[in-house]
> 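Dumping the structure here so I can ask a few things about it.
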Amino acid sequence: MRHDFPVTACPQYGVLGDSLSGERAMDILGISCFYHDSAACLIRDGEILAAAQEERFTRNKHDPRFPKNAISYCLTEAGIKGEDLDYVVFYDKPLLTFERLLLSYLTVAPKGIRSWLQAMPLWLGQKLHIPKIIRKEIGYEGEVLFTEHHESHAASAFYPSPFKEAAILTIDGVGEWATATYGFGKGNDLTLLKELHFPDSLGLLYSAFTYFTGFKVNSGEYKLMGLAPYGVPKYKDLILSELIDVKADGSIRLNLSYFDYVGGLRMTNSRFSKLFGGPPRKPETEITQREMDLAASIQAVTEEVVMRMVKHVHEETKQKFLCMAGGVTLNCVANGRILHEGPFEDIWIQPAAGDAGGALGAALSTWYRYLGKERSVVEGSDSQHGSYLGPAFSNDEIKTFLDTRGYPYHGLNAGDRSKIISEHLAQGKIIGYMSGRMEFGPRALGARSILADARREDTQEVMNLKIKYRESFRPFAPSVLEEKASEYFDIENPSPYMLLVAKVKEERRLPQPSADELQMLERLKVKRSDLPAITHLDYSARLQTVNKSHKPDYYGVISAFEKLTGCAVIVNTSFNIRGEPIICSPEDAYRCFMRTEMDILVMEDSILFKEEQPDWEEKGGWRSELELD
Ligand SMILES: [Fe+2]
């Protein structure tokens with residue numbers, strides 16, 4: 001494990017807590033950890049300076065441990081030490097969660113004894129001693145504050161948003177007692193009006209289906225969503241009649257006789273299996289039509305619940321805009337519907353919508369709510385900095401790494417960098433692209449991405465089989481120049497954080513054979529548009545619109561590609577292979593480059609060609625499970 005991570009300080013922020021006015025600035029560290037997706041975030045005078053997830057440093061996906069590497073990075077970026085911090089704030093109130101666990105256990109006791117005994121050591125050893133751990137780990141002597149879990153989500157949704165005033169909706173599995181909340185934000189204030197309580201949880205319902213279809217809870221939800229277009233929602237009515245009672249206002253009641261998560265170690269029980277015609281799919285086994293239909297069904301139910309919630313929040317708050325966070329709001333298909341179907345004029349979703357983003361929300365909540373500092377909003381622009389909030393590596397650092405290891409590389413000049421990269425893309429080369437500060441949030445946005453030509457019919461198969469080691473028919477996500485997005489997709493608003501889906505424009509679509517003519521697996525291989533690598537079966541794409549000022553180098557690459565080919569869209573998938581966190585450092589990038597059949601690696605202004613590299617022993621390998629990240 002690495003502790004002192006080599007990072008490039010960000011010069012615009014100065015050092016040692018000096019604010020631009022010359023007064024000593026106030027530094028607040030937000031921390032989220034001990035559940036999943038640990039993270040740290042540092043804000044200076046309300047400005048987001050740095051944020052990163054612990055998994056990127058430890059290389060342990062969804063790492064839940066105390067984020068000492070992420071904290072160390074944040075402090076380095078800010079040029080301060082732990083003892084210089086003004087406040088440290090934890091994103092959740094562990095005592096409330098403990099109370100929920102205790103009462104849940106008492107409700108089902110003695111049935112839940114195994115899960116209770118499994119949870120206790122972590123509670124007694126860590127979760128109930130957070131201030132002590134923080135002081136010990138980072139040498140901070142001041143006060144440790146706690147925000148409520150959904151307050152952290154709400155703050156992460158509203159404060160960085162481009163809205164002075166907006167409604168707020170948070171939906172996740174559970175945080176303390178709450179599973180969803182809504183309210184509104186105005187200026188520097190945030191008011192949560194109502195909340196939905198455990199065990200009635202849309203996130204846990206979705207996770208139950210994630211478990212039942214053989215994916216990992218808290219990480220496989222995204223795969224389940226990606227699987228939905230391949231099925232038909234034939235179980236939707238059954239879910240609505242048996243598992244969940246959805247009220248007109250979007251609040252829900254779950255029928256707990258089908259679930260095991262209140263006191264058990266599993267999400268669903270044998271009644272659930274009986275309802276859906278057999279036991280859960282075993283992980284790593286073949287995915288059948290049943291799983292695809294279950295995915296389509298729970299997706300349809302989720303959308304219905306979310307749409308009702310959104311409508312109700314609009315009626316209650318009368319706001320024009322909506323901000324969202326919480327794990328469920330990473331469901332970009334539901335988000336696309338909210339944007340297209342209204343009633344809100346515009347929406348903004350925190351890119352780190354899961355619990356990692358709680359670190360950011362906790363810090364911002366301290367600045368605005370606890371300290372009452374003023375909030376100014378630049379019309380039309382958020383303060384998330386494109387979510388490029390992680391470590392960057394300078395050209396010198398990269399060259400030192402390559403020289404030390406003796407890896408052959410070539411330099412790229414600023415003048416022809418984009419042109420050269422775009423020429424390789426147009427030749428069908430697959431390029432690992434590491435540039436600038438790492439993204440905060442689960443999506444790669446052109447700082448730690450694998451790039452390819454979206455027009456080529458073979459891109460999808462080659463990338464799936466030789467790079468990502470997953471089944472060959474999965475389409476990828478596109479990046480498109482922001483101002484050209486509406487030429488390719490049915491979308492009017494920017495989607496800088498890849499949190500919305502939109503349909504490929506009708507004139508670009510190709511007619512498809514019907515379900516009767518071809519089997520599902522055959523249908524999946526049919527070319528669906530003039531951008532085959534990124535078009536899903538239902539013509540949708542999960543797109544990133546690239547803004548010139550947020551990410552000039554990446555914008556430059558797509559721009560050069562358009563000049564060369566007439567196409568302003570490229571494939572962008574996260575720079576990792578299955579089971580691995582997205583890469584962070586040059587070392588991670590090189591290892592992933594060599595473990596796969598990627599052709600080229602670009603790290604800042606250095607370019608590496610696979611055929612010039614020395615032999616690499618450790619390889620990835622084909623695995624059968626679908627992989628959609
Ligand atoms: Fe959460």
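One-based numbering, in listed order, for ligands and for the atoms of each.
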> Check whether the side chains of N331 and E221 place a donor and an acceptor atom closer than 3.5 Å, and report yes or no.
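No, because no side-chain N or O of N331 sits under 3.5 Å from a partner of the opposite role on E221.
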> Just by distance, no angles: are the side chains of E195 and H197 close enough, under 3.5 Å, to form a donor-acceptor pair?
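Per modelled atom types, E195 and H197 side chains form a pair under 3.5 Å.
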> What residues, two or more places apart in sequence or in another chain, satisfy side-chain hydrogen bond (donor to acceptor under 3.5 Å, both in side chains) together with Y235?
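If we apply the side-chain hydrogen bond (donor to acceptor under 3.5 Å, both in side chains) test to Y235, skipping adjacent residues, there are no hits.
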> We want to know whether E47 and H385 form a side-chain donor-acceptor pair, criterion being a heavy-atom distance below 3.5 angstrom.
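Their side chains do contain a donor-acceptor pair, which is all the 3.5 Å distance test asks for.
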> With a cut-off of 2.8 Å, which protein N/O/S atoms are close to the Fe ion (ligand 1), if we only count those under it?
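The answer, once waters are left aside, is H149 NE2, H153 NE2, D172 OD2, D355 OD1.
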> State whether a side-chain donor-acceptor pair under 3.5 Å links R271 with Y258.
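Yes.
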> Side chains of H36 and D63: is there a donor and an acceptor less than 3.5 Å apart?
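Not at all, the side chains of H36 and D63 share no donor-acceptor pair under 3.5 Å.
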